[in-house]
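Everything below concerns the one structure shown next.
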Amino acid sequence: MNRAPASIWRRPVHFLAFGLGSGAAPFAPGTFGTLAAIPFYWLMSTLPLGIYLAILAVATIIGIYLCDRTSKDLGVHDHSGIVWDEFVGYWLTMAAVPFSWQSALWGFVIFRVFDVIKPWPVRTVDRRVAGGFGIMADDVLAGVYAWSVMHVWLWLH
C-alpha cells in the first residue's frame with residue numbers, strides 16, 4: 001500500500017512530483033498518475049507539434065528537478081507516489097497522436113505495459129541511474145517504446 005507523505009499537500013515541489021496529488025492514491029499510484037496525465041494530453045493535443053514537443057522538453061527538465069528534490073526530501077529513491085515521470089512518459093507516448101478517446105486509452109494501456117514490464121534498456125536504467133534523472137529516464141524510455149507502438153498502430157489504421 002502506498003503511504004503518501006503529508007508534505008505533498010504543503011510543498012509545491014512535492015505536489016507536482018506527486019502528479020498534482022494523483023500519486024497519493026492508496027494503490028497503483030503510477031496508474032493513477034498516468035490517468036491524471038490524460039486531461040493534460042487532451043488540452044495539449046490541439047497545439048502545434050513544435051509547441052507540444054517544447055512543453056514535453058520543459059516538463060522533462062522540470063521533472064528531473066521535481067523528482068530529485070522530492071526523493072531527497074523523503075529519503076526514498078523513486079517513491080512510488082512520485083508520478084511526474086508517468087505524466088511525461090504518457091505525454092511522450094502520445095506525441096503527434098491525434099486526440100480521440102480511443103487513442104488516449106490505447107496510449108494509456110501501452111505506456112503502462114512498457115512502464116511495468118520495463119524491457120531492456122528500461123530496466124537497466126531503472127536499476128542503475130540514480131537521482132531525478134534516473135527517475136525520469138526509465139519512464140521516458142518506456143514512453144519511446146510506447147510511442148513507437150502507437151505510431152505503428154496509427155499507420156496500420
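Numbers here simply count residues along the sequence, with the first being 1.
- Scanning both residues, Phe18 and Ala24, for their nearest heavy atoms gives CD2-N, 4.1 Å.
- Both Leu35 and Val109 are part of a single hydrophobic cluster, where members link through side-chain heavy atoms under 4.5 Å apart.
- Here the shortest heavy-atom pairing between Thr70 and Ala17 reads OG1-CB, 3.3 Å.
- Not a single side chain to side chain donor-acceptor pair (under 3.5 Å) links Thr124 to another residue, sequence neighbours left out.
- The side chain to side chain donor-acceptor pair (under 3.5 Å) search around Arg123 returns none, not counting sequence neighbours.
- Residues satisfying the side chain to side chain donor-acceptor pair (under 3.5 Å) criterion with Asp68, sequence neighbours excluded, are Lys72.
- For the atom pair Met136 CE and Cys67 SG, the distance stands at 5.5 Å (nearest 0.5 Å).
- Clustering ILVMFWY residues whenever any of their side-chain heavy atoms sit less than 4.5 angstrom apart, transitively, puts Val76 in a cluster other than the one holding Val13.
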Taking distance alone, no hydrogens or angles, what donor-acceptor pairs closer than 3.5 Å link side-chain atoms of residues 42-58 to residues at least two apart or in another chain?
unit_1 : atom_1 : unit_2 : atom_2 : d
Ser45  : OG     : Trp42  : O      : 2.8
Thr46  : OG1    : Leu43  : O      : 3.2
Tyr52  : OH     : Trp91  : O      : 2.7

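- In this structure, CD1 on Ile8 lies 8.5 Å from NE2 on His79, to the nearest 0.5 angstrom.
- Considering every non-hydrogen atom in both Pro29 and Ser80, the closest pair reads CG-O, 3.3 Å.
- At most 12 non-hydrogen atoms from other residues, nucleotides or ligands lie less than 6.0 angstrom from CZ of Phe133.
- Side-chain contact of Ser71 with His77: a donor-acceptor pair under 3.5 Å is absent, judged by distance alone.
- Here the closest non-hydrogen pair linking Val122 and Ala142 is CG2-N, 3.9 Å.
- Leu66 CG to Arg69 CZ: the interatomic distance, rounded to the nearest 0.5 Å, is 11.0 Å.
- At least one side-chain heavy atom of Ile38 sits less than 4.5 Å from a side-chain heavy atom of Trp101.
- Rounded to the nearest 0.5 angstrom, Phe15 CZ and Arg10 CZ are separated by 13.5 Å.
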Taking only distance into account, with no hydrogens and no angle test, what donor-acceptor pairs under 3.5 Å do side-chain atoms of residues 81-90 form with protein atoms, sequence neighbours excluded?
unit_1 : atom_1 : unit_2 : atom_2 : d
Trp84  : NE1    : Ala59  : O      : 2.9
Tyr90  : OH     : Ala104 : O      : 2.9

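- For the atom pair OH (Tyr145) and CG (Leu92), the distance works out to 13.0 Å, reported to the nearest 0.5 Å.
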List the atom pairs, donor and acceptor, that lie under 3.5 Å between side-chain atoms in residues 110-118 and the rest of the protein, sequence neighbours left out.
unit_1 : atom_1 : unit_2 : atom_2 : d
Arg112 : NE     : Thr31  : OG1    : 3.4
Arg112 : NH1    : Asp115 : OD2    : 2.6
Asp115 : OD1    : Lys118 : NZ     : 3.3
Lys118 : NZ     : Asp115 : O      : 2.8
Lys118 : NZ     : Asp138 : OD2    : 3.1

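- Follow the hydrophobic side-chain contacts under 4.5 Å out from Leu16 and you reach Trp9 in the same cluster.
- Residue pairs meeting the salt bridge (Lys or Arg N to Asp or Glu O under 4.0 Å) criterion with at least one partner in residues 40-60, sequence neighbours excluded, do not occur; the list is empty.
- When hydrophobic residues (I, L, V, M, F, W, Y) are linked wherever their side-chain heavy atoms come within less than 4.5 Å, the members clustered with Leu156 are Val152, Trp155.
- Pairs of residues two or more places apart, or lying in two chains, never qualify as salt bridge (Lys or Arg N to Asp or Glu O under 4.0 Å) while including a residue from residues 43-62.
- Contacts of His151 classified as ring-ring contact (aromatic ring centres under 6.0 Å, His included), with partners at least two apart in sequence or in another chain: Trp147.
- Residues meeting the ring-ring contact (aromatic ring centres under 6.0 Å, His included) test with Phe108, sequence neighbours left out: none.
- Counting all heavy atoms, side chain and backbone alike, Gly33 lies closest to Ser22 at CA-OG, 3.4 Å.
- Here Arg128 pairs with nothing under the salt bridge (charged side-chain N to carboxylate O under 4.0 Å, His left out) rule; sequence neighbours left out.
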